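Data first, discussion second: the structure below is written as structure tokens.
Model, not experiment: these values are computed from the prediction. Residue numbering restarts at 1 for every chain, and letters A, B, ... go by the order of the sequence lines.
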Amino acid sequence: MLDAAFVRNNLQAVQANCQNRNVPADIVRVVALDDGRRELLGKIQTIQQRQNEVSKLIPKEKDPGQKQAMIAEGKSLREQVALVEVQVREAEANLKAALSLIPNMTHPDAPVSSDPAGNKEVIRWGEPRQFDFPAKDHVALCDSLQLADFEAGASVTGQKFYFLKNEGALLELALVQYAMGVLVKEGYTPFITPDLARVEVLEGIGFIPRDPDPEKRQVYTIEGTDLCLVATAEITLGGMHRDHILDEATLPRKYVGMSHCFRTEAGAPGRDTRGLYRVHQFTKVEMFVFCTPEQSEAIHLELLRIEEKIFQGLGIPYHVIDTCTGDLGGPAYRKFDIEAWMPGRGKEGEYGEVTSTSNCTDYQARRLNIRCKAQGQKGTRFVHTLNGTAVAVTRALLAILENFQETDGSVTIPEVLRPFVGKDRIVTR
RNA sequence: GGAGAGGUGGCUGAGUGGCCGAAAGCACCGGUUUGCUAAAUCGGCGUACGAGUUACAUCGUACCGGGGGUUCGAAUCCCCCCCUCUCCGCCA
């Protein structure tokens with residue numbers, strides 16, 4: 001979320017930003033709520049001040065009558081404080097709720113458009129392959145090569161669940177190993193994170209697990225607990241340092257974590273119903289960085305560079321999208337997506353999203369209360385957080401199968417994965 | 001899951017109703033001194049919010065794991081919860 005004081009001092013800019021991002025937000029109400037909160041805070045402090053005075057004087061007071069009067073006053077002050085406290089709490093909750101509806105500010109270079117069509121291609125790498133035979137989509141390949149079992153997934157768990165099988169299963173492990181290996185070489189600390197997290201952590205990252213509209217909830221919640229299945233390791237990695245003050249000398253902290261990701265895909269029923277493109281559970285290796293405000297912009301480019309390196313290593317053609325304002329979501333200040341070429345997608349192949357990297361500046365850190373402090377300097381500031389996909393296994397797997405299929409129905413395994421799979425090629429069994 | 005011990009500032013650790021935002025030490029920052037290093041010595045040294053200042057200073061309020069309660073007054077007493085450690089049980 002944004003800082004209430006920032007909103008107050010930059011009304012027009014915040015207003016314009018909400019418009020660009022296509023988010024209806026009531027800025028005026030935020031300021032009004034903040035006014036109310038400040039006033040109550042002032043009120044309570046005045047009472048508390050008197051309360052402290054009185055209780056300090058009481059032990060010194062010799063006259064019993066005076067003393068009784070002061071005790072009575074103290075008692076009354078205590079009751080007043082209790083009353084105002086309730087109001088303060090309510091005011092703070094209202095303000096926080098209103099504030100969390102306002103999206104982050106936007107990088108000046110991000111394309112401005114309320115329509116996803118405004119997304120801008122900024123990099124193109126590799127040439128989509130021309131097939132001299134009718135290319136299959138990954139569903140057909142998974143079927144003929146027995147790499148995934150969608151019926152079993154549907155039967156055991158439900159629609160949009162799957163079993164990976166044979167080289168399909170091995171390729172998941174291979175992709176994870178490959179991505180982790182690249183990241184460790186880049187100096188990132190590897191993690192395997194919990195697949196469940198508390199509701200507050202989800203909210204801090206920008207998810208809305210308690211959205212009153214069940215049709216909009218993107219995450220699964222565990223009944224009888226305050227836990228959710230995570231939708232990405234961004235949640236757990238970002239939550240790691242909540243309520244911490246990090247020494248600036250230790251920044252940036254670069255992490256890479258593997259987790260399973262669970263998504264209800266609410267709002268996308270009937271979309272991409274076949275295959276691995278849109279599923280309720282997948283495995284993902286995610287990068288996450290905590291850094292100072294000065295560092296975040298350069299690190300964002302680094303995350304994109306690493307994502308490109310991983311896809312270049314796989315040899316899959318892609319392009320990079322600079323996401324437009326209307327498509328940024330709440331927390332991102334700027335976002336780059338890699339869309340990989342997927343020959344089986346659409347009629348003649350399409351680019352499909354495989355990674356996403358966001359600079360969230362201090363938007364998540366404020367909610368999660370993650371600050372940093374320089375040695376010998378007074379005060380703290382909120383850190384900047386960034387995240388990026390190293391590998392989302394199902395989509396990478398899809399792209400590999402479709403791009404590297406051969407006339408005879410086999411699939412060539414990318415060289416970087418061969419050591420982990422133990423073979424060069426997947427052949428019809 | 002059961003039993004016990006414990007959670008105080010960056011760390012160690014004192015503090016069992018007012019003189020405690022909190023002793024002392026370490027670490028850190030600044031000064032002095034010694035030819036350098038080291039040592040000695042003096043001072044400073046939490047965070048948030050609010051008031052205030054050009055900026056400092058300064059003042060107020062809150063915070064001793066979290067939440068509630070008792071009291072004029074709580075780090076200190078009471079209740080609930082969380083976490084850590086040790087032992088036992090269970091388990092991959």
Side-chain angles (χ1 to χ4, degrees), chain A residues 1-9 30-96 98-99 192-204 222 224-228 236 239-251 253 258-260 290 292-293 362-383:
Chain A
M1 68 185 173
L2 294 179
D3 181 11
F6 176 85
V7 175
R8 164 189 302 280
N9 296 328
V30 167
V31 175
L33 285 170
D34 191 42
D35 284 340
R37 183 189 62 99
R38 281 164 177 248
E39 198 186 317
L40 287 168
L41 238 37
K43 199 166 156 188
I44 210 168
Q45 287 194 1
T46 310
I47 304 171
Q48 283 169 328
Q49 187 172 356
R50 177 64 192 154
Q51 199 177 21
N52 288 341
E53 279 167 17
V54 170
S55 58
K56 237 171 220 154
L57 289 173
I58 286 174
K60 294 179 195 140
E61 182 56 58
K62 295 286 181 281
D63 180 81
Q66 282 292 324
K67 198 163 194 157
Q68 276 316 309
M70 288 164 90
I71 288 176
E73 185 185 356
K75 206 172 213 163
S76 138
L77 288 167
R78 187 175 71 207
E79 284 155 9
Q80 289 173 45
V81 167
L83 279 176
V84 184
E85 250 172 11
V86 172
Q87 297 172 40
V88 168
R89 231 169 286 161
E90 196 187 322
E92 279 175 347
N94 289 339
L95 175 64
K96 206 167 180 180
L99 218 41
I192 293 176
T193 76
D195 287 340
L196 276 72
R198 295 179 201 278
V199 166
E200 312 112 70
V201 177
L202 282 273
E203 286 173 343
I222 308 291
T225 70
D226 65 341
L227 296 173
C228 303
T236 39
M240 278 182 79
H241 292 308
R242 74 192 183 111
D243 295 321
H244 288 189
I245 298 174
L246 306 174
D247 182 348
E248 280 191 22
T250 69
L251 299 179
R253 298 217 195 171
M258 188 211 79
S259 81
H260 296 106
F290 300 87
T292 67
D362 60 1
Y363 192 87
Q364 295 176 326
R366 184 168 293 106
R367 189 79 181 256
L368 291 168
N369 189 28
I370 306 172
R371 291 172 289 160
C372 61
K373 180 175 161 59
Q375 284 284 335
Q377 256 190 8
K378 224 176 147 50
T380 59
R381 22 183 212 164
F382 288 107
V383 300

Provide the distance between the two [atom1] atoms, one in [N] and one in [M], to the nearest whole Å.
N     : M     : atom1 : answer
B:U86 : B:A24 : C1'   : 29 Å
B:A74 : B:C79 : C1'   : 15 Å
B:C49 : B:C28 : P     : 29 Å
B:U76 : B:G17 : C1'   : 7 Å
B:G21 : B:C63 : P     : 11 Å
B:A5  : B:U47 : C1'   : 30 Å
B:A23 : B:C11 : P     : 16 Å
B:C42 : B:A57 : P     : 26 Å

To the nearest Å, how far apart are [X] [atom1] and [N] [atom2]?
X      : N     : atom1 : atom2 : result
A:E61  : B:G18 : CD    : C1'   : 15 Å
A:L77  : B:U71 : CG    : P     : 15 Å
A:H244 : B:G10 : NE2   : P     : 12 Å
A:K56  : B:G17 : NZ    : P     : 19 Å
A:I47  : B:A62 : CD1   : P     : 12 Å
A:D247 : B:U47 : CG    : P     : 13 Å
A:D243 : B:U47 : CG    : P     : 16 Å
A:I71  : B:U71 : CD1   : P     : 12 Å

For [N], which nucleotide is its Watson-Crick or G-U wobble mate, given both distances must be under 3.5 Å?
N     : result
B:G9  : none
B:G17 : none
B:U86 : B:A3
B:A74 : none
B:C64 : none
B:U58 : B:A51
B:C28 : B:G44

(message) Is it the case that B:G60 (base atoms only) and A:Q45 (side chain only) share a donor and an acceptor within less than 3.5 Å, ignoring hydrogens and angles?
(response)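 Yes, a donor-acceptor pair under 3.5 Å.
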
(message) Can you work out whether A:E73 or A:I245 has the more 5'-proximal nearest nucleotide on RNA chain B?
(response)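 Closer to the 5' end of RNA chain B: A:I245.
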
(request) Please tell me which of A:R381 and A:T46 maps to the more 5' nucleotide of RNA chain B, matching each residue to the nucleotide holding its nearest heavy atom. (result)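 Nearest-nucleotide comparison on RNA chain B picks A:R381.
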
(request) Using distance alone, with no hydrogens and no angle criterion, decide if A:R371 and A:N369 have a side-chain donor and acceptor under 3.5 Å apart. (result)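 Short answer, yes.
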
(request) Apply side-chain hydrogen bond (donor to acceptor under 3.5 Å, both in side chains) to the pair A:S76 and A:Q80, showing each step before the final yes or no. (result) CA-CA 6 Å; A:S76 138; A:Q80 289 173 45; 3.2 Å; yes

With heavy-atom distances below 4.5 Å as the criterion, would you say the side chains of [X] and [Y] are in contact?
X      : Y      : result
A:F290 : A:T250 : no
A:E73  : A:Q51  : no
A:I47  : A:V84  : yes
A:D362 : A:V383 : no
A:R381 : A:K373 : no

(request) May I ask you to say what A:L41 touches in the nucleic acid, namely base, sugar-phosphate or nothing, with a heavy-atom cut-off under 4.0 Å? (result)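 Result for A:L41 = sugar-phosphate.
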
(request) Ignoring the backbone of A:K373, work out which of B:G50, B:U61, B:U47 is nearest its side chain. (result)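 The answer is B:U47, which lies nearest to the side chain.
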
In residues 194-204 of chain A, what donor-acceptor pairs under 3.5 Å come from side-chain atoms, sequence neighbours left out?
unit_1 : atom_1 : unit_2 : atom_2 : d
A:D195 : OD1    : A:H260 : N      : 3.0
A:D195 : OD2    : A:H260 : ND1    : 2.9
A:E203 : OE1    : A:R210 : NH2    : 3.2
A:E203 : OE2    : A:R210 : NE     : 3.1
A:E203 : OE2    : A:R210 : NH2    : 3.3

Taking OP1 and OP2 of [N], is either one under 4.0 Å from a side-chain nitrogen or oxygen of [X]?
X      : N     : value
A:T380 : B:A48 : yes
A:Q48  : B:G60 : no
A:N52  : B:A62 : yes
A:R371 : B:A48 : yes

Could you go over nucleotides 66-70 of chain B and give all protein N or O partners under 3.5 Å, atom names and distances?
unit_1 : atom_1 : unit_2 : atom_2 : d
B:G68  : OP1    : A:R89  : NH1    : 3.4

(request) Give a yes or no on this: more than 12 heavy atoms of other residues, nucleotides or ligands lie within 6.0 Å of atom NZ of A:K67. (result)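 Yes, because the 6.0 Å sphere around NZ of A:K67 holds more than 12 heavy atoms from other groups.
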
(request) With rounding to the nearest 0.5 Å, note down the distance linking CD in A:Q49 to CD1 in A:I44. (result)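 Rounded to the nearest 0.5 Å, the CD-CD1 separation comes to 13.5 Å.
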
